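Counting convention: from 1, in listed order, for ligands and their atoms alike. Computed from heavy atoms alone, side chains included, the values below leave out hydrogens, waters and symmetry copies. Just so it is clear, the structure is predicted and the values come from calculations on it, not from any experiment.
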Amino acid sequence: MPLNVAVIGTNYLGAAHAAGMAEFGHRVIGVDVDPGRVAVLASGHSTIFEEGLEPLLAKHTASGRLRFTTDYREIADWADVHFLCVGTPQSESGAADLSQVWSVVESLGPLLTRPTLIAGKSTVPVGTAPLLQQRLDRLAPGAGVEVMWNPEFLREAFAVSDTLSPDRIVLGTRSAQALETMREVYAIPISDGVPVVECDIATAELIKVAANAFLATKISFINAMAQMCQAAGGDVTLLADALGHDTRIGREFLNAGLGFGGGCLPKDIRALAARAGELRVDVLADFIASVEAINEGQRAEVAELAIAQLGGDIAGRKVAVLGAAFKPGTDDTRNSPALTVADHLAAAGADVWIYDPEAQVSGPSFTQAETVEDCLRDAELVLHLTEWPLFRQLDPADCAGLVRNRVLIDGRLKLDRARWQAAGWKVVQMGRAATL
Ligand code: UDX
């Protein structure tokens, strides 16, 4: 049965969730404090580059099932479920900044007069939901507002497919009524066989950050092994392939290279470490600190390698950087490993040119090239830092004709080394010291 669903916060998570809820047959209103974003979404367009999102927004804004507003009064007593999808960015201390979550509660709470469910999707420190419940009990006394947690796991570039076919649905509540409502919300994926984990609120809050911490750990582990392979003369990609055949380990998230970035993984594990510190779970805080240190080290290492390839003096030398987004398939450059390396090289005086098929880079330190050819022309060093498929399709011989030096640092270990070497390139891949 279709429900009235409000989605509060309509950036990556909220826009995909609102469109997904409409696709599941519900009547949906997305709310955001940014009138510009609301206007774009209301016209059926997306404010972000995300595969499949715009067609879904267009479909459901046209059908009338999906609307957007800046006005909380339109959703307060209308919605059966209010999904909380606002951002929880990193604060200066490393802990999560919950100001947007609190601001929603302060705006929405006084308007609620009938029983409703507030389902948190934002990534928050464990222990947040009970505080929100207490505050809402004060702001809407007697209304019957229930807070539960339903974390999201969507990946950028796969936001729509992860929303429509999630790996699992986590329902963190002890209320039978809340569970029943959420099972209606997700009736379609549940009938498709998506597993549901019912648990208490604290576990639900923790599941999301634990998943991200585990993924980050896999990446840092393989990057530490890459250093071992480099030191001992091994090949980390073959090592990862062999590990991946063990189904207990799995091959995913074992790609060595520049490490993880983006708007989620780095901030979420830092927030988990901060919360672990507050709760005196030092083993976890220390563990995450190691994972982060390995990750930061990879960026520094690639930058140093680049400088060393140019004999230690990079000032005024043209360097071509292929890729700016934090991963392929997105235009997002938040905490992008590629840009950290580019920044480092620019700070050392290099003339840094960047090409990315989607991401825009700004700032005085770089030149954004319009084409790969412009980026490569006369470069003394080429760095492959975001593994867009089009970079794998480049012809090494054509590229050789453009550059001044045929030196390539493949920071993502995704280029075909033998092909590039055959065209006369020196190819540097950290963790692949084994000779062919
Ligand atoms: C991540 C989680 O995957 C998702 O479940 C969560 O909801 C949000 O955070 P996302 O930020 O979109 O999603 O990025 P993801 O695909 O996980 O990649 C994160 C980073 O790790 C990227 O910079 C990527 O390049 C890097 N990475 C990934 C590696 O360095 N090696 C790998 O093997 C995999």
Which N/O atoms of ligand 1 sit under 3.5 Å from a protein N/O, and at what distances?
from, atom 1, to, atom 2, distance (Å)
ligand 1, 5 (O), Phe153, O, 2.7
ligand 1, 7 (O), Phe153, O, 3.3
ligand 1, 7 (O), Leu154, N, 3.4
ligand 1, 7 (O), Leu154, O, 2.9
ligand 1, 12 (O), Glu156, N, 2.6
ligand 1, 12 (O), Lys327, NZ, 2.9
ligand 1, 14 (O), Lys327, NZ, 3.4
ligand 1, 16 (O), Lys327, NZ, 2.9
ligand 1, 23 (O), Gly261, N, 3.0
ligand 1, 23 (O), Phe326, O, 3.0
ligand 1, 30 (O), Gly259, O, 3.3
ligand 1, 30 (O), Arg412, NH1, 3.3
ligand 1, 31 (N), Asn255, O, 3.0
ligand 1, 33 (O), Leu254, N, 3.3
ligand 1, 33 (O), Asn255, N, 2.8

Describe, in one word, how the ring planes of Tyr186 and His17 are oriented to each other, choosing from parallel (under 30°), tilted (30 to 60°) and perpendicular (over 60°). tilted

Do Glu152 and Lys208 meet the salt-bridge criterion of a basic N to acidic O distance under 4.0 Å? yes

Tell me if the CD atom of Glu51 is crowded by more than 12 foreign heavy atoms within 6.0 Å. no

Name the atoms and distances for all side-chain donor-acceptor pairs under 3.5 Å in residues 167-174, with sequence neighbours left out.
from, atom 1, to, atom 2, distance (Å)
Thr173, OG1, Ser175, N, 3.0

For Thr70, side-chain contact (heavy atoms from CB on, under 4.5 Å) partners two or more places apart: Pro35, Val38

Taking only residues two or more places apart in sequence or in another chain, which ones pass side-chain contact (heavy atoms from CB on, under 4.5 Å) with Ala306? Leu345, Leu381, Leu383, Ile409

